[in-house]
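Since the structure comes first, as structure tokens, the remarks are kept for the end.
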Amino acid sequence: MENYVEGAWRPSTATETIPVMNPATGEELDRVPLSPAADIDAAARAAARAYPAWRRVPVTDRVQYLFKLKALLEQHFDDVARTITMEAGKTLAESRGEMRRAIENVEVACGAPIMIQGYNSEDIAAGIDEIMIRQPIGVCAVIAPFNFPGMIPFWFFPYAIAAGNTVLIKPSERVPLTMQKVFGLLDALELPRGVVNLVNGGREAVDAILDHPLIRTVSFVGSTSTALHVYSRGAAHGKRVQCQGGAKNPVVILPDADLAAASEIVADSAFGCAGQRCLASSFAITVADAAKPFAEAMQQRAKTRVTGYGLEEGVQMGPVITPESRARVEHLIDKAVREGARATVDGRNPDVKYKKGNFVAPTVLEDLPLASEVAATEIFGPVLSIHRANDIDEAIAVVNSGRYGNQASLFTSSGSSARKFRYEAEVGNVGINVGVAAPMAFFPFSGARESFFGDLHGQGRDAFEFFTQQKVVVERWPKAWSRKF
Ligand code: NAD
């Protein structure tokens, strides 16, 4: 597998490659190079060389490439979606959903001619005008996690290039094949050489990005511990950094909710993508009388969800990403049981025909003490723990007690409860009768507390803000200084 630098596929100078595995079948799909700092340097220099000419291309012309990219992505939609399923394990329907979200970002970035406008004010003093213009920044880096190999780079790079920047993308070394496909399409666009660059690798490549003097911005998505590392090391080098981190995503069920609908929606949120979504509900808090019927409904839904290879018809949930992830999730279930939980549905060692796959079936934990370690840990697998609260205030206090603040959802038929929840939940994304408050391209994908470090988010208006810098011009043109024609 090669990197894509300055308009061409180029071999990495890496001395080490690691296998890219199909997590459902255990088959090796390819090998990915762990590119060293020299490869990041080559890509950053290429992007920096391309920048002065690219920023001068009129924005109306820059977005034409994105219109073409949108058409190519539609044309190759199923091919890219299948690649996601093969390397990341999710079902084909989930992969298609992911690519739909990716394409929406291309569409929204096509609005750059309006979105990068500044503003002005005449006569801020007699005969003096003030203008704020937005300009691109330079070379922008994107560092992606494994769980959305298609969508997450799109939260950033279409906006970055539409605004006149050049980019360097480093996908997760566990799922590099999807970006190989996407860069095949980007190659067909015949963008000026060096506007988009791809470097495969792991930690060494990330640290080289953070330290590189030519890279001006870093957009990162991944676990909270890596996010903190990226945020602090990138900022220490004076870069503009936005980092999205881990999550727990509590969901509160009030007794006045439609419990049949709530349990169906929460099951999709908790077990969809095998619980490896940054918005996966992993922690349900039932209020008062909702406890028993909701727990019973969740048990039923967990038991009946079909786990298997995501390319096969009828499969509703795929594997987790690696054997290590599977071992970790199973270890956390063991630990939860030792900490006092009952595994009322136990997904350890499921009977799936692919014996080399990393399968964990849906799991429901009940009576896990709130003070336990597992209750505070991001499991990132198909595991839902169910807790109880006496009223909505107690439930909101639990929502606000954890370290993460990505998403919280409420299921209710009461408008005033919904408003109270929206008002008081200390999270970046709120779902009301919605289990995954999915990131839509025209809104920022928010996050709070240790789920996000930075101020401007990915997507929407925030993305145009992040990928431009403001310049303020104060002008005076007295008539006497101007030549008359
Ligand atoms: P990760 O932190 O292990 O890896 C993310 C990226 O950082 C990868 O490109 C990887 O190569 C690199 N990396 C890993 N360890 C590093 C280190 N020590 N130093 C420098 N670079 C390093 O995350 P992951 O396991 O790929 O993804 C899952 C995590 O991402 C979960 O915690 C999930 O909640 C989170 N996530 C968050 C969001 C969000 O929007 N908040 C979205 C998707 C995923």
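For ligands, and for the atoms within them, numbers begin at 1 and follow the listed sequence. None of the values given here were measured: they were computed from a predicted structure.
Checked against a 3.5 angstrom limit, the closest N/O atoms of G202 and ligand 1 fall outside it. Ligand 1 has an N or O atom lying under 3.5 Å from an N or O atom of R174, backbone or side chain. Close N/O approach between Q244 and ligand 1 is found [any backbone or side-chain N/O within under 3.5 Å]. Among the atoms of G245, some N or O lies under 3.5 angstrom from an N or O of ligand 1.
Residue contacts with ligand 1, taken as heavy atom pairs separated by less than 4.0 Å, involve I152 solely via side-chain atoms from C-beta onward. Contact annotation for A205 and ligand 1: no heavy atom of the residue comes within less than 4.0 Å of the ligand. The proximity of F452 to ligand 1, defined as any non-hydrogen pair under 4.0 Å, does not occur for either the backbone or the side chain. Heavy atoms of Q276 found under 4.0 angstrom from ligand 1: none, in either backbone or side chain. By the criterion of a heavy-atom distance under 4.0 Å, neither the backbone nor the side chain of Y404 is placed next to ligand 1.
Using a 3.5 Å distance cut-off with no hydrogens or angles, the side chains of S35 and N200 do not pair a donor with an acceptor. D187 and Y4 are linked by a side-chain donor-acceptor pair at a separation below 3.5 angstrom, with hydrogens and angles left out of the test.
A salt bridge does not link R174 with E87: every distance from a Lys NZ or Arg NE/NH1/NH2 to an Asp or Glu carboxylate oxygen is 4.0 Å or more. With salt bridges taken as basic N to acidic carboxylate O contacts below 4.0 Å, one links D78 and R96.
In this structure, F380 counts as a contact residue of ligand 1, since one of its heavy atoms falls inside 4.0 Å of the ligand.
Between W155 and F466, the ring centre distance reaches or exceeds 6.0 Å.
Of the candidates V142, N429, N147, the one placing a heavy atom closest to atom 44 (C) of ligand 1 is N147. By heavy-atom distance, the residue among G222, G405, G246, S223 lying nearest atom 2 (O) of ligand 1 is S223.
When hydrogens are left out, the protein atom nearest atom 11 (O) of ligand 1 is E173 OE1, 2.6 Å; that is the closest non-hydrogen contact.
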